[in-house]
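Comments concern the structure below.
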Amino acid sequence: MARPKLAFLNDFVQAIVGNDRKERQPRITEEAAARTALARPAAERLAAACDVLMGRIGDAARVAVAEQALAAYADLNAEERHQFFILLRDRFGADPEKIRQAYAAYDADPSASTLVPLFDAVEPTRQSLLRRLNTARGATLKLVHMRADLLAAIRHDPALAPLDTDFEHLFRSWFNRGFLRIERIDWSSGADVLEKIMAYESVHPMQGWQDLRRRLDPADRRCYAFFHPATGNEPLIFVEVALTRQTPAEIAPILNAPRAEPAEEADTAVFYSINNTLGGLKGVSFGNFLIKQVVAELAAELPSLRTFVTLSPAPGFANWLASAEDPRAAELEEDLAKAAWTSDPEAAAQLRPRVEALAATYFTEAKGKSGAPRDPVARFHLGNGAAAWRVNWPADLSEGAIQRAHGLMINYLYEPGAIESQHEAFVRDGTVATGEPLDAVLAR
């Protein structure tokens, strides 16, 4: 086992300090050279390790080099990370000449035997580099964090975007549904997992351990999460569920319910908070699998459940209302700003029909540049095959919800027998499935 490590150190030292040895120098021991190399700035160590990784190197040495590379990356500051991403883009791309040669061969003989070399030629070498980095212990989660850094860098330097294509391509394979493990989280789960659930909850932030316990411990509450073997006890996504006797129209009774109801008496499962935990996994979808599996597990555990719905935020509603060309939107926005509807039920009742009408328009007609629904939560649930069932206002009086959505929430209905057909219609034609309560508002 010692030889591969020494071989690695030699390769690593030569990659870092070899260019500096322009004059003949006294011979130094391998260990001293290693200490010299490992004392170099992190950016140099990282670039050298990447070069070594892409050379001819044994498996054991590759693991050691990958660990050194990721350790060096962890020591970089923001500007150094930016420079590293530029290096990945420019030094570890695809070879244009190899692409031309492979395409010429395929063009002359379009067969499976010539297609494989073409695929190999067009793949950037940085994909191989990322795979080799992933051989280090704990590397997968570190690469997820690296991608989060990349996404932040892209906001300032869009020319780095091609790198993200490579990360997303690999992550979609590494985080395939077949590798995921679903687990129910309850008050007896490990403290490290509970702390992560509390920290990652962003839809309805928790105020402390008692708040967490209220969401996990009672008989009428459930929480499920997906885990991946390579990320250990790091939940990738989790959903919080309330078991109720009817479809709720407000979030406060769920978050602040004074006592639990028997789960066996519930007829409705309410998905009221869904949280993706790792920004570096953006674009890698887990939620559709998680919801469908949770529906199946709850239906098997509690046959009395007949309805599976969400109580979801509408984070884009306030911005849409402010920019909508519909004159009703400007009038409503002005009235919402000056009316005391948050504390006056009568004022809220007067505004409700107008809010509901424009909310129905928002969920069914407001589109983004891509033509998909403008609201990100709507895109998620409608894309999963749910129906926009009922708009609720005022439903969430927290400060953030008022700023982002004027307190608006919506129920999306997951009807097991209709999920697949609604998903196909949405993907194929952009059809937004709606429920009777929303249809009634649209028909006014």
Using the rule given for side-chain contact (heavy atoms from CB on, under 4.5 Å), can you reason through Leu298 versus Tyr224, listing the C-alpha separation, both sets of side-chain angles and the distance that settles it, and then say yes or no? CA-CA 11 Å; Leu298 287 173; Tyr224 297 89; 3.5 Å; yes
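- Just one residue in the list Leu382, Leu408, Val441 forms a side chain to side chain contact (heavy atoms under 4.5 Å, CB included) with Phe363, and that residue is Leu408.
- Here the CH2 atom belonging to Trp187 is positioned 7.0 Å from the CG atom belonging to Leu216, to the nearest 0.5 angstrom.
- For Asp59 and Arg62, the salt-bridge test passes: some basic side-chain N is under 4.0 Å from an acidic carboxylate O.
- Between Glu168 and Arg147 there is a salt bridge, with a side-chain nitrogen of the basic residue lying less than 4.0 Å from a carboxylate oxygen of the acidic one.
- Checking side-chain atoms of Arg306 against main-chain N and O of Pro303 turns up a donor-acceptor pair under 3.5 Å.
- Electrostatic pairing of Arg214 and Asp217 does not count as a salt bridge here, judged by no charged N lying under 4.0 Å from a carboxylate O.
- When the options Ile86, Asp149, Leu46 are evaluated for a side chain to side chain contact (heavy atoms under 4.5 Å, CB included) with Arg81, the one that passes is Asp149.
- Leu53 contributes atom CG, which lies 12.0 Å from atom OG1 of Thr125 (distance to the nearest 0.5 angstrom).
- The number of heavy-atom neighbours closer than 6.0 Å to CD of Glu436, taken from other residues, nucleotides and ligands shown, is 12 or below.
- Here the side chain of Trp393 pairs a donor or acceptor atom with the backbone of His406 at under 3.5 angstrom.
- Arg184 has its side chain out of reach of Glu297: every pair of non-hydrogen atoms, C-beta onward, lies at least 4.5 Å apart.
- Defined by atom type and a distance below 3.5 Å, a donor-acceptor pair is present between the side-chain atoms of Thr140 and Asn134.
- Using a 4.5 Å cut-off on side-chain heavy atoms (C-beta onward), Leu438 and Arg390 make no contact.
- We find the CD-OG1 distance between Glu234 and Thr277 to be 5.5 Å, quoted to the nearest 0.5 Å.
- Using a distance-only test at 3.5 Å, with no hydrogens or angles considered, no donor-acceptor pair links the side chain of Thr231 to the main chain of Phe227.
- Within the 4.5 Å cutoff, no side-chain heavy atoms of Pro394 are placed close to those of Thr342.
- Ion pair Glu301/Arg222 flagged as a salt bridge, since at least one NZ, NE, NH1 or NH2 atom sits closer than 4.0 Å to an Asp/Glu carboxylate oxygen.
- Note on Arg245 versus Glu265: salt bridge recorded, some NZ/NE/NH1/NH2 to OD/OE distance being below 4.0 Å.
- Using a cutoff of 4.0 Å between basic side-chain nitrogens and carboxylate oxygens, Arg444 and Glu356 are scored as salt-bridged.
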When the side chains of residues 418-431 are checked against the rest of the protein, which donor-acceptor pairs come out under 3.5 Å, sequence neighbours left out?
residue: Ser421; atom: OG; partner: Ala418; partner atom: O; Å: 3.1
residue: Gln422; atom: NE2; partner: Gly385; partner atom: O; Å: 2.7
residue: His423; atom: ND1; partner: Gly383; partner atom: O; Å: 2.5

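- Salt bridge Asp211/Arg215: present, at least one basic N to carboxylate O contact under 4.0 Å.
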Residue pair Val144, Trp174: steps toward the side-chain contact (heavy atoms from CB on, under 4.5 Å) verdict: CA-CA 11 Å; Val144 170; Trp174 296 352; over 6 Å; no
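- Of the inter-residue distances, the one linking Trp209 atom CH2 with Met198 atom CE reads 4.0 Å to the nearest 0.5 angstrom.
- The neighbour count for Arg181 CZ, taken as heavy atoms of other residues, nucleotides or ligands under 6.0 Å away, is above 12.
- If you take CG on Leu311 and CE on Met409, they are separated by 4.0 Å, rounding to the nearest 0.5 Å.
- In summary, Lys282 and Asp164 do not engage in a salt bridge, as defined by a charged side-chain N under 4.0 Å from a carboxylate O.
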